[in-house]
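Encoded as structure tokens, the structure appears first; notes follow it.
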Amino acid sequence: MDLSIHSPLSRSSPSLSPFPFNFKNTTLNPVFHSSIFDSRNLQIKLLLSRQNHQHIRAQVSDQIVNDDGFVLEDVPHLINFLPDLPSYPNPLQKSQAYAIVKKTFVSSEDAVAQNIVLQKDTPRGVHFRRAGPREKVYFKSDEVRACIVTCGGLCPGINTVIREIVCSLNYMYGVDNILGIEGGYKGFYSRNTTTLTPKVVNDIHKRGGTFLCTSRGGHDTKKIVDNIQDRGINQVYIIGGDGTQRGAALIYKEVEKRGLPIAVAGIPKTIDNDIAVIDKSFGFDTAVEEAQRAINAAHVEAESVENGVGIVKLMGRYSGFIAMFATLASRDVDCCLIPESPFYLEGRGGLFDFVEQRLKENGHLVIVVAEGAGQEYVAQNMPGVDEKDASGNKLLLDIGLWLTQKIKDHFSKVHKMTINMKYIDPTYMIRAIPSNASDNIYCTLLAQSAVHGAMAGYTGFTVGPVNSRHAYIPIARVTEATNTVKLTDRMWARLLASTNQPSFNCSDVLQNNITGAINSMNTNSF
Ligand SMILES: Nc1ncnc2c1ncn2[C@@H]1O[C@H](COP(=O)(O)OP(=O)(O)O)[C@@H](O)[C@H]1O
Ligand SMILES: O=P(O)(O)OC[C@H]1O[C@](O)(COP(=O)(O)O)[C@@H](O)[C@@H]1O
Ligand SMILES: [Mg+2]
């Protein structure tokens with residue numbers, strides 16, 4: 001029996017008795033103690049805590065009670081609010097493609113662990129429902145009217161996701177009624193739609209951008225759901241970043257409030273890799289690869305002249321993942337600056353010191369800077385500039401230009417030295433390209449998982465890999481936090497070890513201040 005029915009709503013139905021069920025060969029005998037029902041997203045948290053080696057008690061709680069806690073953070077299902085919705089055998093049962101697969105359907109008991117590094121006695125922790133085809137579907141193929149929309153900034157692979165949603169719906173589930181909503185959320189009510197068939201989308205994965213066009217701003221939940229209803233749409237596939245997923249959660253809530261049999265599926269998209277919970281966002285690898293070309297160019301330019309400094313600005317509003325991974329991949333980068341790691345210019349351990357030292361040692365250096373780094377410095381030079389885009393995202397000031405000027409000024413004034421500065425800003429070039437092979441495969445899996453989830457009646461979910469296994473994740477889990485580079489994690493340490501750049505940490509600042517104070521004391525004492 002499918003775990004989707006284990007919601008506080010469905011538990012009131014006598015026909016739905018979810019337990020006991022088998023979980024990895026262990027018989028579970030859960031008892032519900034209390035429930036926490038997140039009204040924002042119908043998120044159900046089942047805490048199953050093992051009482052002894054055989055018997056497991058289940059609690060609905062957001063607190064882990066004992067050392068063996070197993071938490072399933074479930075996604076909503078249409079029958080949570082439409083308990084009489086009929087189900088049908090999954091047409092994949094007859095699919096030639098799946099004919100020899102050992103286990104065509106994902107078991108309702110399969111869960112994906114959020115934390116896979118555990119100690120012997122630590123709780124088993126949060127799990128998500130494993131993505132994939134289910135034995136039963138809640139839509140008849142010829143009754144499906146699906147739509148796809150893409151919102152927010154571009155990202156390599158969007159077209160692959162669109163293509164694969166269309167092809168999966170059509171080839172696996174026999175759906176041939178699929179609409180493309182043009183121009184993002186506002187397209188629902190202000191633009192035309194386009195009919196999507198496997199033939200129409202056949203070649204689009206070879207192109208960058210989005211076949212459906214995109215936009216920022218213009219999210220109007222009521223108008224969007226009115227439009228969905230008017231068009232008779234019953235599956236909505238929403239491709240976009242954190243802002244888009246917030247919008248998707250509101251659409252799902254409105255659909256639920258109106259009691260409509262409409263599945264809302266989110267596919268997370270962002271070049272910045274700033275979406276929480278999932279391993280990595282699609283297009284990220286492609287962007288990092290493309291960034292190598294800019295870094296190579298900066299390196300070649302810088303090493304070919306006297307006192308050459310190459311600066312490359314890469315995307316990354318609040319998260320420096322692109323800069324960090326591009327630096328680690330390149331090995332030509334001397335210093336990587338990201339929003340998460342504040343830096344300073346002057347004094348011991350500062351950037352100027354480091355530039356001077358590398359120029360002495362090598363005659364050139366390359367700096368990679370994420371666009372969101374050092375914004376507070378640039379803002380000091382441009383007071384009052386506080387612009388936002390149509391979605392409400394802060395518009396960033398140009399840290400790259402600011403940095404080039406500061407370095408040139410410093411070396412000309414303090415060292416009477418001319419810096420040969422080469423500034424490269426490949427911002428849009430790294431995201432306006434088609435996805436590479438591995439991102440293409442990743443996008444294909446995301447699209448297929450989303451289609452299986454929607455057909456199985458799940459709704460208000462986001463799909464994505466968690467520890468390499470695709471899972472259905474409650475939307476709130478991916479929007480409540482931003483994925484950022486953790487300076488205390490090993491990856492940042494690996495970068496520091498590879499570039500040997502200053503860590504700009506507090507002890508450096510402290511040391512810097514102490515040295516300054518001692519110097520001034522010494523000066524004063526003489
Ligand atoms: N909190 C929110 N609630 C509803 N819609 C939102 C919210 N934040 C952003 N959106 C909508 O989502 C779309 C994309 O958001 P944006 O922040 O530009 O990109 P991304 O989804 O890539 O983060 C826009 O149409 C915007 O209006
Ligand atoms: O200029 P645009 O198209 O608004 O996008 C710029 C922003 O989009 C991004 O590429 C990605 O942001 P989103 O994921 O919110 O779309 C940021 O790195 C960048 O700051
Ligand atoms: Mg965003």
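Ligands are counted one by one from 1 in listed order, and the atoms in each one are counted from 1 as well.
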Ignoring hydrogens and geometry beyond distance, is a side-chain donor-acceptor pair present between Arg145 and Asn177 at under 3.5 Å?
yes

Is any side-chain N of the basic residue among Asp274 and Arg317 closer than 4.0 Å to the acidic one's carboxylate O?
no

closest protein heavy atom to atom 1 (O) of ligand 2 is Tyr428 OH, 2.5 Å

Return the residue, atom name and 0.1 Å-rounded distance of the protein heavy atom closest to atom 4 (O) of ligand 2.
Arg216 NE, 2.9 Å

Hey, looking at atom 25 (O) of ligand 1, which of Gly218, Cys151, Gly217 has the closest heavy atom?
Gly217

For a quick check under 3.5 Å, do Thr462 and Gln245 share a side-chain donor-acceptor pair by atom type?
yes

Which residue and atom name correspond to the protein heavy atom nearest atom 9 (C) of ligand 2, and how close is it?
Arg431 NH1, 3.5 Å

Is the shortest distance from a heavy atom of Lys269 to ligand 1 less than 4.0 Å?
yes

Taking atom CG of Leu365 and atom SG of Cys335, what is their separation to the nearest 0.5 Å?
7.5 Å

Can you tell which part of Thr270 has a heavy atom less than 4.0 Å from ligand 1: side chain, backbone, both or neither?
neither

Tell me, which protein N/O/S atoms are under 2.8 Å away from the Mg ion (ligand 3)?
Asp242 OD1

Could you label the plane-to-plane angle of the Phe188 and Tyr185 rings as parallel, tilted or perpendicular, counting under 30° as parallel and over 60° as perpendicular?
parallel

Judged on heavy-atom distance to atom 18 (O) of ligand 1, which of Gly240, Ser391, Ala248, Ala390 sits nearest?
Ser391

Where is the nearest protein heavy atom to atom 19 (C) of ligand 2: which residue, which atom, and how far?
Glu371 OE2, 3.2 Å

Logged contact type for Asn393 with ligand 1, heavy-atom cut-off 4.0 Å, is side chain

Heavy-atom closest pair (Gly283 atom, Ile271 atom, distance to 0.1 Å) is O-CD1, 3.7 Å

When the ring planes of His452 and Tyr173 are compared, do they come out parallel, tilted or perpendicular, using 30° and 60° as the limits?
perpendicular

Could you tell me, atom by atom, which parts of ligand 2 come under 4.0 Å of a heavy atom of Ile271?
10 (O), 11 (C)

Atoms in ligand 2 flagged as close to Thr270, the criterion being non-hydrogen separation under 4.0 Å
14 (O)

Among all protein non-hydrogen atoms, which one is nearest to atom 12 (O) of ligand 2, and what is the separation to 0.1 Å?
Arg317 NH2, 3.0 Å

Could you work out, for atom 4 (C) of ligand 1, the closest of Gly153, Pro268, Gly247, Gly241 by heavy-atom distance?
Gly247

Going by the atom numbers of ligand 1, which of them fall below 4.0 Å from some non-hydrogen atom of Gly152?
14 (C), 18 (O), 19 (O), 22 (O)

Distance from atom 16 (O) of ligand 2 to nearest protein heavy atom, with residue and atom:
Gly153 N, 2.7 Å

From the options Asn483, Asp285, Asn273, select the one residue that forms a side chain to side chain donor-acceptor pair (under 3.5 Å) with Lys280.
Asp285

Is it true that Gln235 and Tyr237 share a donor-acceptor pair across their side chains at a distance under 3.5 Å?
yes

Lys/Arg N to Asp/Glu carboxylate O, Lys313 vs Asp398, below 4.0 Å:
yes

Closer than 3.5 angstrom, by distance alone: can the side chain of Glu143 be matched with the main-chain N or O of Phe139 as a donor-acceptor pair?
no

Heavy atoms, side chains only, cut-off 4.5 Å: are Val333 and Ile295 in contact?
yes

Please confirm whether Gly316 approaches ligand 2 to less than 4.0 Å, judged on its heavy atoms.
yes

Looking at the rings of Tyr472 and Phe128, which for Trp means the six-membered one, are their centres under 6.0 Å apart?
no

